[in-house]
Amino acid sequence: MNKKVLVISTTLRKKGNSDILADYFLKGAEESQNIVEKVSLVNKKIEFCKGCLSCQNTGKCIIKDDANEIIEKIKNSDVVVFSTPIYFYEMAGQMKTLLDRTNPLFPSEYQFKDIYLLATAADTDERAIDRAIMGLEGWIECFENSRLKGVVRGVGADVVGSIKRYEEKLREAYELGKNV
C-alpha cells in the first residue's frame with residue numbers, strides 16, 4: 001500500500017545538512033512507490049501561536065500565514081518527517097514554532113501515524129540530538145495514534161554539505177524512507 005509521506009525541511013539554510021538528509025529519505029520513499037511531498041520552511045511566514053485556543057472549537061487557526069497550509073498537509077499524511085538542524089542542543093526554532101502551530105490538529109481526525117526525525121548537528125556526540133527527540137516526543141504524545149518510528153542522528157556535520165562525508169547517515173535516511 002502506498003503511503004502519503006510529507007517531508008518537512010525546517011532549516012532555513014539552502015542545501016543545509018538536514019535538508020540533504022531529507023532528500024535522501026524522500027528518494028527512498030519515492031522509490032518504494034509512496035506519494036511524497038517535500039515542504040521547505042525557506043521563505044515561509046510562520047507566526048508564533050497566540051495560545052487563544054480558538055482552533056480547539058473551529059479546527060482552524062486565526063492566524064493567516066503559511067502554517068495553515070502545512071498543518072493541512074500534516075493532517076492528511078500517513079507519514080510525517082521532520083528534518084532539522086540542531087541549535088544549542090535543540091530543534092531549530094522554526095520547527096518548534098511550526099509544532100506549536102499544529103494545535104488545530106489536536107481535536108481533529110488526523111491521518112498521520114508514523115513520525116520520523118532527521119537531525120544534524122556540528123557536535124560529534126550523538127547525545128546532541130537527544131533534546132530535539134524529547135521535544136518531538138512531547139508533541140507526538142498529544143496524538144495518541146502516532147509514534148516516533150525512526151531517527152537519524154547526523155552528528156559531526158558542521159558546514160554546509162558536510163553530512164555527505166557520512167555515507168552511513170545518508171544511507172540510513174534513504175533506508176528509513178524506503179521502508180516507510
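Numbers here simply count residues along the sequence, with the first being 1. Only a predicted model underlies this, so the values are computations on that prediction, with no experimental measurement involved.
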Mind listing the closest non-hydrogen atom pair of A132 and I86 along with its distance? CB-CD1, 3.6 Å
Begin from the C-alpha positions of K75 and T102 and carry the test side-chain contact (heavy atoms from CB on, under 4.5 Å) through to its verdict. CA-CA 9 Å; K75 178 181 178 181; T102 63; over 6 Å; no
Sidechain-backbone polar pair: N34 side chain, A29 backbone, donor-acceptor under 3.5 Å: yes
When rounded to the nearest 0.5 angstrom, what is the spacing between CD in E109 and CG in N145? 9.0 Å
Shortest non-hydrogen pair, I115 vs S146, comes out as CG1-CB, 4.4 Å
Salt bridge (Lys or Arg N to Asp or Glu O under 4.0 Å) between D125 and R153: does it pass, once the steps are laid out? CA-CA 9 Å; D125 188 337; R153 296 171 182 254; over 6 Å; no
Inspect the contact between K169 and E172 and indicate whether a charged nitrogen and a carboxylate oxygen are less than 4.0 angstrom apart. yes
Apply salt bridge (Lys or Arg N to Asp or Glu O under 4.0 Å) to E175 and R171, showing your working. CA-CA 6 Å; E175 289 298 327; R171 190 170 32 261; over 6 Å; no
Taking all non-hydrogen atoms of both residues into account, name the closest pair between A173 and Y24 and its distance. CB-CB, 4.1 Å
Inter-residue atom distance C142.SG - E137.CD, 0.5 Å rounding: 12.5 Å
If I compare all heavy atoms of V7 with all of A22, which pair ends up nearest, and what's the gap? CG1-CB, 3.7 Å
Could you tell me the separation between the CG atom of L26 and the CG atom of L21, rounded to the nearest 0.5 Å? 12.5 Å
Heavy-atom pair with the smallest gap, counting every atom of P104 and P107: O-CD, 3.4 Å
Checking the side chain of S108 only, and the main-chain atoms of L105 only, is there a donor and an acceptor separated by less than 3.5 Å? yes
Any chain of hydrophobic side-chain contacts (each under 4.5 Å) joining I20 to V36? yes
Within one Ile-Leu-Val-Met-Phe-Trp-Tyr cluster: V80 and I129, side-chain cutoff 4.5 Å: yes
Are more than 12 heavy atoms from other residues, nucleotides or ligands located less than 6.0 Å from atom CD of E168? yes
More than 12 foreign heavy atoms under 6.0 Å from CZ of R131: is that the case here? no
Exceeds 12 heavy-atom contacts within 6.0 angstrom, atom CD of E37: yes
If you count the non-hydrogen atoms of other residues, nucleotides and ligands that lie under 6.0 Å from NZ in K96, is the total more than 12? no
If hydrophobic clusters are built from ILVMFWY residues whose side chains come within less than 4.5 Å, do I133 and L118 share one? no
Under 4.5 Å between any side-chain heavy atoms of L117 and T84, yes or no? yes
If the test is salt bridge (Lys or Arg N to Asp or Glu O under 4.0 Å), which one of R101, K45, K50, K44 qualifies with D65? R101
Is there a donor-acceptor contact under 3.5 Å linking the side chains of D19 and T11? no
Are F25 and I70 connected in the hydrophobic side-chain network, where two residues link if heavy atoms are under 4.5 Å apart? no
State, yes or no, whether a side-chain contact exists between L176 and V152 at a heavy-atom distance under 4.5 Å. yes
Are the side chain of K3 and the backbone of V180 linked by a donor-acceptor contact shorter than 3.5 Å? yes
Looking at residues at least two apart in the chain, or sitting in another chain, which of them share a side-chain hydrogen bond (donor to acceptor under 3.5 Å, both in side chains) with Y89? D123
Are the side chain of S77 and the backbone of V5 linked by a donor-acceptor contact shorter than 3.5 Å? no
If you compare all heavy atoms of K164 against all heavy atoms of L170, which two are closest, and at what distance to 0.1 Å? CA-CD1, 3.9 Å
Test side-chain contact (heavy atoms from CB on, under 4.5 Å) applied to R13 and V160, step by step: CA-CA 8 Å; R13 182 162 62 168; V160 173; 3.3 Å; yes
Exactly one of I62, I63, N103 clears side-chain contact (heavy atoms from CB on, under 4.5 Å) with C52, and that residue is I62
Are any of the side-chain nitrogens in K60 or E72 under 4.0 Å away from the carboxylate oxygens of its partner? yes
Do side-chain atoms of S32 reach the backbone of K178 as a donor and acceptor pair under 3.5 angstrom? yes
Is there a side-chain contact (heavy atoms from CB on, under 4.5 Å) between L136 and L148? Walk through the geometry before answering. CA-CA 8 Å; L136 184 57; L148 183 60; 4.0 Å; yes
Could you tell me whether K14 atom NZ has more than 12 heavy atoms of other residues or ligands within 6.0 Å of it? no
With the 4.5 Å side-chain cut-off for hydrophobic clustering, are V151 and I163 part of the same group? no
Who pairs with D78 by salt bridge (charged side-chain N to carboxylate O under 4.0 Å, His left out), at least two apart in sequence or on another chain? none
Spacing of CG belonging to N76 relative to CD1 belonging to I71, to within rounding of 0.5 Å: 12.0 Å
Value for OH (Y116) from CZ (R147), rounded to nearest 0.5 Å, stands at 7.0 Å
As an exercise, state the distance from CZ of F82 to OG of S9, rounded to the nearest 0.5 Å. 12.0 Å
Would one find more than 12 heavy atoms of other residues, nucleotides or ligands at under 6.0 Å from atom OH of Y87? yes
Among residues at least two apart in sequence or on other chains, which ones pass ring-ring contact (aromatic ring centres under 6.0 Å, His included) with F112? Y110, W139, F143
Evaluate side-chain contact (heavy atoms from CB on, under 4.5 Å) for T10 paired with I8, printing each intermediate quantity in order. CA-CA 6 Å; T10 70; I8 302 172; 4.0 Å; yes
